[in-house]
Amino acid sequence: MSLVLQLLLFAVVDAGYNHLQVKHPPLVRLDPVREGHREVLELPGLTKPAVMTTMHVEPPIFVIDDFLTSDECDHIIELAKQQGLGTSLVGDEADFLEDPEAMREEFDAEGAWEDWNNNGDDWLDGDELRENMLSISDARFSDSDVDQMLEELKMDGDGDGRLSFEEFAKSDPVAVTRFVERVRNANPWYKARYSSQAWLSQDSESDPVLQGLRERLLALTHLPRVVVETSEQMQVVRYTVGGHYHCHLDTDPEQHNTTCCYFTDRSRNITCRLCRYLTLLYYLNEVPEGGATAFPGADIEAGVQYDEFEGTGLCNLSAQCESGVVVKPKKGSAVLWYSHFLDDEGQLGRVDNKTMHGGCDVIKGEKWIANNWIDIDGSIDYNGVENQQLGTGDLHSEL
């Protein structure tokens with residue numbers, strides 16, 4: 001019997017970790033065995049076996065070749081086009097500037113200066129301004145953008161290319177925010193994410209191809225059916241030339257005393273956090289050049305937090321796409337990883353910050369992908385829904 005069939009729980013015990021959610025059926029993780037390990041998979045709906053390769057062990061990252069047929073890939077792209085694609089947003093990007101007057105009234109120059117003045121000296125230099133423009137817009141600006149802002153908004157009274165506290169205190173936070181928004185929108189490649197997306201339902205009344213793909217996911221992951229069927233819809237994403245998504249986690253950082261929810265709940269201003277346990281990413285077309293999926297944090301030391309790692313510059317996948325684990329897109333293949341550890345009862349555990357990942361720039365052509373995220377939702381009574389978890393079966397054989 002294959003070692004993968006052991007479906008190790010990877011116990012990570014932490015009595016101080018408070019899930020604040022109803023107990024869900026135990027989750028499992030596939031055993032990576034070792035880097036380079038390969039397994040043949042007999043999966044439903046496929047006429048030939050798929051092959052799963054372990055790309056990395058800690059965190060476990062798997063690539064499954066021939067997980068989808070060419071026709072299935074083309075069909076999913078067509079469904080997304082029919083649905084209509086909208087601009088992909090990051091977090092609360094849509095609410096960039098809601099109440100200008102309230103922003104002016106609440107502007108605390110001393111507090112803002114303390115936040116922006118990273119090195120604690122008497123000036124805000126170009127690097128500090130650029131870094132804080134990133135923090136309020138999730139976009140990476142150039143030196144010339146900073147110079148343009150200082151000149152256009154008449155912020156730099158003495159023209160020395162930096163701001164004193166007095167100059168900073170006289171600045172209009174609304175004007176700064178609007179400038180940042182305008183430049184960001186004029187240069188979409190500045191953004192942390194530059195793509196378009198659509199959402200496709202995979203319920204019992206959805207397209208048969210999408211229903212079949214969900215069954216294939218169940219067979220691959222051995223997760224409880226009730227958890228899979230109550231997770232998010234499939235996301236389909238299109239990247240054109242220059243399209244990218246800088247380093248990020250699919251799940252929200254740990255927030256004690258905050259329950260798990262879906263993105264739609266968070267967008268309704270409900271206090272909660274995304275708890276995406278597993279990601280299965282599908283490549284839907286051949287990309288002429290670029291468009292790799294990179295995990296630059298795969299080899300970082302345990303305990304390093306996302307904010308710390310982002311400061312290294314490795315999260316900017318437009319600048320570099322060589323660190324950690326790099327997976328090149330191949331039509332019909334899939335990539336699987338787990339964003340959370342599990343505790344000793346198979347319940348959702350801590351976030352695995354080593355799963356920080358992103359999409360590198362498309363150099364030629366376009367890239368189409370789809371994502372299935374398997375979530376835990378604190379509002380669901382999993383015990384009240386029949387658990388139809390798949391048995392392990394004999395789906396895997398070791399190569």
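Because the structure is a prediction, the values reported are computed rather than measured.
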Subject >> Pair Y282-N372, side-chain donor/acceptor within less than 3.5 Å >> reply: yes

**OP:** Keeping the roles fixed (side chain from D203, backbone from E205), state whether a donor-acceptor pair exists under 3.5 Å.
**Re:** yes

Subject >> I363 vs D361, side-chain contact (heavy atoms from CB on, under 4.5 Å): CA-CA, chis, key distance, verdict >> reply: CA-CA 6 Å; I363 308 301; D361 284 30; 4.2 Å; yes

Original post:
Do M52 and L30 come within less than 4.5 Å of each other through their side chains, counting heavy atoms only?
Top reply: yes

**OP:** Answer whether the closest heavy-atom distance between the side chains of T54 and I61 falls below 4.5 Å.
**Re:** no

**OP:** Find out whether D172 and R104 are in side-chain contact, i.e. whether some heavy atom of one side chain is under 4.5 Å from a heavy atom of the other.
**Re:** yes

Original post:
Are W337 and H56 near enough that their ring centres are under 6.0 Å apart?
Top reply: no

**OP:** Using the rule that two of Ile, Leu, Val, Met, Phe, Trp, Tyr join whenever any of their side-chain heavy atoms come within less than 4.5 Å, decide whether V326 and V335 are in one cluster.
**Re:** no

Original post:
Is the backbone N or O of V226 less than 3.5 Å from a side-chain atom of H24, with the two atoms forming a donor-acceptor pair by type?
Top reply: no

Original post:
Can you tell me if CD on Q82 sees more than 12 non-hydrogen neighbours from other groups inside 6.0 Å?
Top reply: yes

**OP:** Mind running salt bridge (Lys or Arg N to Asp or Glu O under 4.0 Å) on K23 and E345 for me, showing each step along the way?
**Re:** CA-CA 10 Å; K23 192 171 183 178; E345 296 181 348; 3.4 Å; yes

**OP:** Walk me through it: do V237 and W368 pass the test side-chain contact (heavy atoms from CB on, under 4.5 Å)?
**Re:** CA-CA 6 Å; V237 187; W368 286 85; over 6 Å; no

Original post:
H75 and D207: side-chain hydrogen bond (donor to acceptor under 3.5 Å, both in side chains), yes or no, with the steps?
Top reply: CA-CA 10 Å; H75 184 69; D207 184 271; 2.9 Å; yes

**OP:** Apply side-chain hydrogen bond (donor to acceptor under 3.5 Å, both in side chains) to D147 and S144, showing your working.
**Re:** CA-CA 5 Å; D147 293 340; S144 61; over 6 Å; no

Subject >> Under-4.0 Å salt bridge between R216 and E72 >> reply: yes

Subject >> Within 6.0 Å of CD in E110, more than 12 heavy atoms from elsewhere >> reply: no

**OP:** Indicate yes or no for a side-chain donor-acceptor contact from H244 to the backbone of C360 under 3.5 Å, with no hydrogens or angles considered.
**Re:** no

**OP:** Kindly compute the distance separating CD1 (I64) from CZ (R38), expressed to the nearest 0.5 Å.
**Re:** 13.0 Å

Original post:
Side-chain contact, heavy-atom cut-off 4.5 Å: F67 with L213?
Top reply: yes

**OP:** Following the transitive rule for hydrophobic clusters with a side-chain heavy-atom cut-off under 4.5 Å over Ile, Leu, Val, Met, Phe, Trp and Tyr, establish whether Y277 and L217 coincide in one cluster.
**Re:** yes

Original post:
Side chains of D158 and E167: does their closest heavy-atom pair fall under 4.5 Å?
Top reply: yes

Subject >> Any donor-acceptor pair under 3.5 Å from Q233 side chain to Q202 backbone >> reply: no

Original post:
Any side-chain donor paired with an acceptor under 3.5 Å for E39 and H37?
Top reply: yes

Original post:
Salt bridge between E128 and R162, side-chain N to carboxylate O under 4.0 Å?
Top reply: no

Subject >> Beyond-backbone contact of L27 with V227, side-chain heavy atoms, under 4.5 angstrom >> reply: yes

**OP:** List the steps and the verdict of side-chain hydrogen bond (donor to acceptor under 3.5 Å, both in side chains) for S339 and D250.
**Re:** CA-CA 7 Å; S339 295; D250 280 347; 4.8 Å; no

**OP:** Show your reasoning for whether salt bridge (Lys or Arg N to Asp or Glu O under 4.0 Å) applies to K367 and E286.
**Re:** CA-CA 7 Å; K367 178 177 76 170; E286 300 291 354; over 6 Å; no

Subject >> Backbone N/O of W116 and side chain of N132: donor-acceptor pair under 3.5 Å >> reply: yes

Original post:
Do L150 and L153 sit in the same hydrophobic cluster, where Ile, Leu, Val, Met, Phe, Trp and Tyr count as joined when their side-chain heavy atoms come under 4.5 Å apart?
Top reply: yes

Subject >> Backbone N/O of D375 and side chain of S231: donor-acceptor pair under 3.5 Å >> reply: yes

**OP:** With side-chain hydrogen bond (donor to acceptor under 3.5 Å, both in side chains) as the test, would you mind laying out the steps for H340 and T251 before giving the verdict?
**Re:** CA-CA 8 Å; H340 285 259; T251 194; 2.8 Å; yes

Original post:
Any link between M133 and W113 through a network of hydrophobic side chains (Ile, Leu, Val, Met, Phe, Trp, Tyr) touching at under 4.5 Å?
Top reply: yes

Original post:
If you count the non-hydrogen atoms of other residues, nucleotides and ligands that lie under 6.0 Å from CD in E114, is the total more than 12?
Top reply: no

Original post:
Which pair of heavy atoms, one from M155 and one from S171, lies closest together, and at what distance?
Top reply: CE-CB, 3.7 Å

Subject >> Under 3.5 Å: donor-acceptor pair, side chain of R238, backbone of S196 >> reply: no

**OP:** Determine, stepwise, if the pair I76 / M234 fulfils side-chain contact (heavy atoms from CB on, under 4.5 Å).
**Re:** CA-CA 10 Å; I76 293 171; M234 174 186 285; 4.1 Å; yes

Original post:
Are the side chain of E232 and the backbone of I374 linked by a donor-acceptor contact shorter than 3.5 Å?
Top reply: no

Subject >> Within 45° cone and under 6.0 Å: K330 NZ/CZ vs Y283 ring >> reply: no

**OP:** Determine, for cysteines C261 and C272, whether their SG atoms are under 2.5 angstrom apart.
**Re:** yes

Subject >> Intermediate values then yes/no, salt bridge (Lys or Arg N to Asp or Glu O under 4.0 Å), D352 and K354 >> reply: CA-CA 5 Å; D352 187 349; K354 290 188 174 187; over 6 Å; no

**OP:** Mind running salt bridge (Lys or Arg N to Asp or Glu O under 4.0 Å) on R182 and E152 for me, showing each step along the way?
**Re:** CA-CA 13 Å; R182 173 166 55 84; E152 185 175 311; 2.3 Å; yes

Original post:
Checking D66 side chain against A50 main chain: does a donor-acceptor pair fall under 3.5 Å?
Top reply: no

Subject >> Neighbour count above 12 (heavy atom, 6.0 Å) for Q148 CD >> reply: yes

Original post:
Could you walk me through whether V241 and E366 pass the side-chain contact (heavy atoms from CB on, under 4.5 Å) check?
Top reply: CA-CA 6 Å; V241 171; E366 62 180 9; over 6 Å; no

Original post:
Within the distance-only criterion (no hydrogens, no angle test), does the side chain of D156 pair as donor or acceptor with the backbone N or O of G161 below 3.5 angstrom?
Top reply: yes

**OP:** Find out whether D377 and C260 are in side-chain contact, i.e. whether some heavy atom of one side chain is under 4.5 Å from a heavy atom of the other.
**Re:** no

Subject >> From CA spacing to verdict: ring-ring contact (aromatic ring centres under 6.0 Å, His included), H248, H246 >> reply: CA-CA 6 Å; H248 62 283; H246 292 318; 9.7 Å; no

Subject >> Hydrophobic cluster membership, L163 vs F165, 4.5 Å side-chain cutoff >> reply: yes

**OP:** Could you tell me which non-hydrogen atom of N118 sits nearest to which non-hydrogen atom of D115, and how far apart they are?
**Re:** OD1-O, 3.4 Å

Original post:
Considering only heavy atoms from C-beta outward, does the side chain of F141 approach that of M149 to under 4.5 Å?
Top reply: no

